[in-house]
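Worksheet: one structure, shown below.
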Amino acid sequence: MKLPIAILAGGLATRMMPLTQSTPKALLNVAGKPFIHWQLEYLMQQGAKEVVLCVGHLGELIEASVGDGRDFGLNVSYSFDGSTLLGTGGSIKRALPYLDKAFMILYGDSFLPIDYKSVEAEFFNQNKPALMTILKNENRWDKSNVIFKNHELIEYNKLKCHSDMDYIDYGLSIMSASCINEYSKSDAFDLSDLYHHLSVTKNLAGLEVKDRFFEIGSQIGLEETQKFFELKGKP
């Protein structure tokens, strides 16, 4: 893999209280080890080399657990939000000095069992500045928020979900740094707003994936992810 990966792991994780009272969500124990360790091990297996962790609340604990990444065969650096909440978009903007002209974005509470190299290849094969992986969801795991027809992403809208939205943001995207710089002069904004803007201006490619995602942002999601890794570890 050529592209660095930015992992958003700076949220307050209020939905997971009291588990996240003094433990960042990325360090929640899942099948015997911190969740982010599962993420990083899989990224290394996929051929990743450079990872930037965008951290905020209790981020120093994540840094203490992961270190410089050498234990995972990776080079890991850190971008701290600071005292002001920046939102997902602001966190990526702050991390741009550590990233490249294009980079992957992954959420710190998601495990995506897919081929990252094929996602990277699709980005380089199409002529749009950003790409979003999507899953045909039909409101199964969460509200669908993407219109995708004839291999084209028509609209992403997290705030106003339409009845003809059958797909959902899978949780992995590739972004050109120019998208961030051109979209917002503010230091704080949400990535979902940028994705919507890119979609309606026809600057967001869509890549459908088939494997379901796993997440630890909810109690049900945590339980399902725990079961996934427990079964995965068995012969």
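This one's a predicted model, so the numbers in the text were calculated from it and none came from an experiment.
Checking Asp166 against Ser144 by side-chain atom types alone, no donor-acceptor pair falls below 3.5 Å. In the model, Gln226 has a side-chain atom that pairs as donor or acceptor with a side-chain atom of Glu230 under 3.5 Å.
Residue Lys33 places its NZ atom among more than 12 non-hydrogen atoms of other residues, nucleotides or ligands, all under 6.0 Å distant. When the shell of 6.0 Å around NZ of Lys158 is examined, it contains 12 or fewer heavy atoms from other residues, nucleotides or ligands.
Between the side chain of Asp190 and the backbone N or O of Ser192, at least one donor-acceptor pair lies under 3.5 Å. Judged by distance alone, with hydrogens and angles left aside, the side-chain atoms of Gln46 form no donor-acceptor pair with the main-chain N or O of Ala48 at under 3.5 Å. Side chain of Trp38 to main chain of Val30: a donor-acceptor pair is present (N/O by atom type, distance under 3.5 Å, no hydrogens or angles). Within the 3.5 Å criterion, the main-chain N or O of Leu3 finds a donor-acceptor partner in the side chain of Glu120. Between the side chain of Tyr42 and the main chain of Ile114, a donor-acceptor pair closer than 3.5 Å is present. Panel note: side chain Glu208, backbone Lys136; no donor-acceptor pair is recorded below 3.5 Å.
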Please output the side-chain donor-acceptor pairs of residues 213-220 that fall under 3.5 Å, not counting sequence neighbours, one pair per line with the distance.
residue: Glu215; atom: OE1; partner: Gly217; partner atom: N; Å: 2.6
residue: Glu215; atom: OE1; partner: Ser218; partner atom: N; Å: 3.3
residue: Glu215; atom: OE2; partner: Ser218; partner atom: OG; Å: 3.1
residue: Ser218; atom: OG; partner: Gly221; partner atom: N; Å: 3.0

For a quick test of your reading: what N or O donor-acceptor pairs under 3.5 Å do the side chains of residues 64-75 make, sequence neighbours left out?
residue: Ser65; atom: OG; partner: His37; partner atom: NE2; Å: 2.9
residue: Asp68; atom: OD1; partner: Arg70; partner atom: N; Å: 3.1
residue: Asp68; atom: OD1; partner: Arg70; partner atom: NE; Å: 3.2
residue: Asp68; atom: OD2; partner: Arg70; partner atom: NE; Å: 2.8
residue: Asp68; atom: OD2; partner: Arg70; partner atom: NH2; Å: 2.7
residue: Asn75; atom: ND2; partner: Glu50; partner atom: OE1; Å: 2.7
residue: Asn75; atom: ND2; partner: Glu50; partner atom: OE2; Å: 3.3

Side-chain donor-acceptor contacts of residues 168-175 below 3.5 Å, not counting sequence neighbours, with atom names and distances?
residue: Asp169; atom: OD1; partner: Gly171; partner atom: N; Å: 3.0
residue: Tyr170; atom: OH; partner: Asp211; partner atom: O; Å: 3.0
residue: Ser173; atom: OG; partner: Tyr195; partner atom: OH; Å: 2.5

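The two residues His197 and Thr201 come nearest to each other via the heavy atoms O-OG1, 2.7 Å. Minimum interatomic distance between Pro24 and Ile62 (heavy atoms only, all atoms of both residues): CG-CG1, 3.7 Å. Here the shortest heavy-atom pairing between Lys93 and Phe189 reads CD-CE2, 4.2 Å. The two residues Pro113 and Phe228 make their nearest non-hydrogen contact at CB-CZ, 4.4 Å. Considering every non-hydrogen atom in both Ala9 and Ala26, the closest pair reads CB-CB, 4.4 Å. Of all non-hydrogen atoms in Pro4 and Ala102, the two that sit nearest each other are CD-O, 3.6 Å.
To the nearest 0.5 angstrom, Leu131 atom CG is 11.0 Å from Ile105 atom CD1. Note that CG of Leu86 is 4.0 Å distant from CG of Asp81, once rounded to the nearest 0.5 Å. The distance from the OG atom of Ser22 to the CG atom of Leu61 is 8.0 Å, given to the nearest 0.5 Å. With rounding to the nearest 0.5 angstrom, the CD atom of Glu155 is 12.5 Å from the CG atom of Leu198. Note that OG of Ser91 and CG of Asp187 are 11.0 Å apart. Values are rounded to the nearest 0.5 Å. Of the inter-residue distances, the one linking Asp164 atom CG with Phe148 atom CZ reads 14.5 Å to the nearest 0.5 angstrom.
Residues Tyr98 and Leu106 do not share a hydrophobic cluster, defined by chaining ILVMFWY side chains whose heavy atoms lie under 4.5 Å apart. Leu99 and Val51 fall into different hydrophobic clusters, where Ile, Leu, Val, Met, Phe, Trp and Tyr are joined by side-chain heavy atoms under 4.5 Å apart, directly or via other members. Linking ILVMFWY residues whenever their side-chain heavy atoms come closer than 4.5 Å, directly or via other members, places Leu204 and Leu194 in the same cluster. No continuous path of hydrophobic side-chain contacts links Tyr167 to Leu135 [ILVMFWY only; heavy atoms under 4.5 Å].
At a threshold of 4.5 Å between non-hydrogen side-chain atoms, the residues Phe35 and Thr225 count as touching. Using a 4.5 Å heavy-atom cutoff, the side chains of Phe103 and Ile92 are in contact. Residues Asn157 and Met165 meet the side-chain proximity criterion, which asks for heavy atoms closer than 4.5 Å. Between His196 and Val200 the shortest side-chain heavy-atom distance falls below 4.5 Å. When side chains are defined from C-beta on, Asn203 does not count as touching Cys179, because their heavy atoms never get closer than 4.5 Å. Residues Leu27 and Leu58 are not in side-chain contact: their nearest non-hydrogen atoms beyond the backbone lie 4.5 Å or more apart.
Under the rule for a ring-ring contact (aromatic ring centres under 6.0 Å, His included), Phe80 has no partner lying at least two apart in sequence or in another chain. A search for side chain to side chain donor-acceptor pair (under 3.5 Å) contacts involving Asn181 returns nothing, not counting sequence neighbours.
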Give the intermediate values and the outcome of side-chain contact (heavy atoms from CB on, under 4.5 Å) for residues Asp193 and Tyr183. CA-CA 10 Å; Asp193 296 330; Tyr183 174 71; 3.3 Å; yes
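For residues 103-117, the side-chain hydrogen bond (donor to acceptor under 3.5 Å, both in side chains) pairs, not counting sequence neighbours, are Lys25-Asp109.
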